[in-house]
There are 2 protein chains.
Amino acid sequence: MVDVDLPDCGVARFLLLFDGPWATLIIRELLHGPQRFGELREALPGISAHTLTNRLRLFESRGLLTRTAFPEIPPRVVYELTDLGRSLRPVLDAMYAWGKAAPVSAFVPASDPA
Amino acid sequence: MVDVDLPDCGVARFLLLFDGPWATLIIRELLHGPQRFGELREALPGISAHTLTNRLRLFESRGLLTRTAFPEIPPRVVYELTDLGRSLRPVLDAMYAWGKAAPVSAFVPASDPA
DNA sequence: TGCACCAGTTACGTCAACTGCACTAACGGG
DNA sequence: CCCGTTAGTGCAGTTGACGTAACTGGTGCA
């Protein structure tokens, strides 16, 4: 039973880690600098605490970011990208550039009236 | 009711189009050149005809690729990226580079024995 | 005594992407 | 007459990312 689940292709590997819509957006926010849990939640309108926690924990376990909890009341937790996490910047930049350059028609569900 | 569903951020827009794991991989294959339906299916082990059709049709409707059906028997259909589709190459390249450079530990589910 | 605060956690349900299998049309070759 | 070929389609079912609602813990403030 070798690790069949690890594809050779770099693109496929990347996609293993960035499944849902939020995974990538969390990295995008963290590229702006270290952020607290609540700051991330505000920066990502619509995300649930559940999802945010899950993704954050996943990325921490994979070495993309660090979690620093300060033993204070009320608690304060700061998330910060590691070097590996920061190395995602070119990918995000490329996505951003494409998303900005592509015509709106590439994103609308169909010939969407009004 | 304006188009609320179209985010400003380029990254978020990109993610609107590339939801599932296959969407991106189909583009990756098409970057190698025009391909027939069957060629794509072989190049993407595990994909179902259903999924392939759906993604292809979506991308066609969004202007990322063209679908050319030759009125032959047996039928032959060729898919080819448009300029817009080809402009995704930098994004895919960045993903590939990251996926290749990142340590395996970033992809394994946990401290995976054996 | 009780509420607010932050950063979660737990239980449950939803939704869309995806899968497998069976099936189709139309024709050439045996 | 039947088989094989290509590019799908339809139906049923599964998976996993995600959402909502309720709740926790320890302290400051009223």
Side-chain angles (χ1 to χ4, degrees), chain A residues 4-5 7 12 14-30 34-62 64-80 107 109-110, chain B residues 5 7 11-12 14-30 34-62 65-80 107-110:
Chain A
V4 192
D5 51 351
F14 175 89
L15 294 170
L16 268 188
L17 218 36
F18 298 96
D19 286 283
W22 290 121
T24 313
L25 294 175
I26 290 170
I27 299 293
R28 181 196 65 182
E29 287 310 311
L30 254 6
Q35 310 249 350
R36 300 179 53 175
F37 186 88
E39 289 174 321
L40 287 172
R41 188 155 50 172
E42 281 183 24
L44 299 166
I47 200 174
S48 65
H50 199 30
T51 299
L52 186 52
T53 303
N54 280 351
R55 299 290 104 189
L56 252 11
R57 290 276 204 271
L58 173 71
F59 290 151
E60 186 198 4
S61 76
R62 298 301 214 282
L64 297 190
L65 53 82
T66 58
R67 177 180 183 276
T68 310
F70 295 87
E72 307 169 353
I73 296 296
R76 183 164 57 100
V77 179
V78 173
Y79 294 91
E80 183 170 13
F107 304 108
Chain B
D5 51 352
V11 177
F14 176 90
L15 295 171
L16 267 189
L17 218 35
F18 298 96
D19 287 282
W22 291 120
T24 312
L25 294 175
I26 290 172
I27 299 294
R28 181 197 64 181
E29 288 309 313
L30 254 7
Q35 310 248 349
R36 300 179 52 175
F37 186 88
E39 289 174 322
L40 287 172
R41 186 156 51 172
E42 279 183 25
L44 299 166
I47 199 173
S48 65
H50 217 15
T51 300
L52 186 52
T53 303
N54 281 349
R55 297 290 104 189
L56 252 13
R57 291 274 205 272
L58 174 70
F59 289 151
E60 187 198 1
S61 76
R62 298 302 213 282
L65 53 84
T66 58
R67 178 180 182 275
T68 310
F70 295 86
E72 306 168 355
I73 295 296
R76 183 164 57 99
V77 179
V78 173
Y79 293 92
E80 183 170 14
F107 305 107
V108 297

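Just so it is clear, the values below take in all heavy atoms, side chains as well, and ignore hydrogens, waters and symmetry mates. Throughout, a chain's letter reflects where its sequence line sits, starting with A, and its residues are numbered from 1.
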Locate the shortest heavy-atom distance separating [X] from [Y]; write the atom from each residue and the value.
X	Y	value
Ala49(A)	Phe37(A)	O-CZ, 4.0 Å
Phe14(B)	Phe107(A)	N-CE2, 4.2 Å
Leu17(A)	Ala23(A)	O-CB, 4.3 Å

So which protein nitrogen or oxygen atoms get under 3.5 Å of nucleotides 10-14 of chain D's nitrogens or oxygens?
from    : atom 1 : to       : atom 2 : distance (Å)
dC11(D) : N4     : His50(B) : NE2    : 3.2

Glu39(B) or Arg55(A), whichever maps to the more 5' nucleotide of DNA chain D |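 Residue closer to the 5' terminus by nearest nucleotide: Glu39(B).
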
Could you please name the option among [options] that lies closest to any side-chain atom of [X]?
X	options	value
Arg36(B)	dA26(C), dA7(C), dA7(D)	dA7(D)
Ala49(A)	dG19(D), dC18(D), dT9(C)	dT9(C)
Trp22(B)	dA7(D), dG8(C), dC18(C)	dC18(C)
Asp19(B)	dC18(D), dA17(C), dT9(D)	dA17(C)
Val77(A)	dC18(C), dA7(C), dG19(D)	dA7(C)
Thr51(B)	dC18(C), dG19(D), dT9(C)	dC18(C)

Rounded to the nearest Å, what distance is computed from the [atom1] atom of residue [X] to the [atom2] atom of nucleotide [N]?
X	N	atom1	atom2	result
Gln35(A)	dA7(C)	CD	P	12 Å
Ile73(B)	dG4(D)	CD1	P	18 Å
Phe18(A)	dG16(D)	CZ	C1'	17 Å
Phe37(A)	dA7(C)	CZ	P	8 Å
Phe70(B)	dC27(C)	CZ	P	18 Å
Leu58(A)	dT9(C)	CG	C1'	17 Å
Ile47(B)	dG8(D)	CD1	P	13 Å
Arg41(A)	dC5(C)	CZ	P	12 Å

Pick base, sugar-phosphate or nothing for Leu52(B), based on heavy-atom distances below 4.0 Å to the nucleic acid.
->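 Since no nucleic acid heavy atom lies under 4.0 Å of Leu52(B), the category is nothing.
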
Answer with base, sugar-phosphate or nothing: what part of the nucleic acid does Tyr79(B) contact at a heavy-atom distance below 4.0 Å?
->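 If one applies the 4.0 Å heavy-atom cut-off, Tyr79(B) turns out to touch the sugar-phosphate alone, with no base involved.
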
Stepwise side chain to side chain contact (heavy atoms under 4.5 Å, CB included) test for Leu40(B) and Leu56(B) | CA-CA 10 Å; Leu40(B) 287 172; Leu56(B) 252 13; 4.0 Å; yes

Would you say [X] places a side-chain N or O within less than 4.0 Å of OP1 or OP2 belonging to [N]?
X	N	value
Thr53(B)	dA7(D)	no
Arg57(B)	dG8(D)	yes
Arg67(A)	dG8(C)	yes

Does Arg76(B) have any side-chain hydrogen bond (donor to acceptor under 3.5 Å, both in side chains) partners at least two apart in sequence or in another chain, and if so, which?
->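 side-chain hydrogen bond (donor to acceptor under 3.5 Å, both in side chains) check on Arg76(B) returns Glu72(B).
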
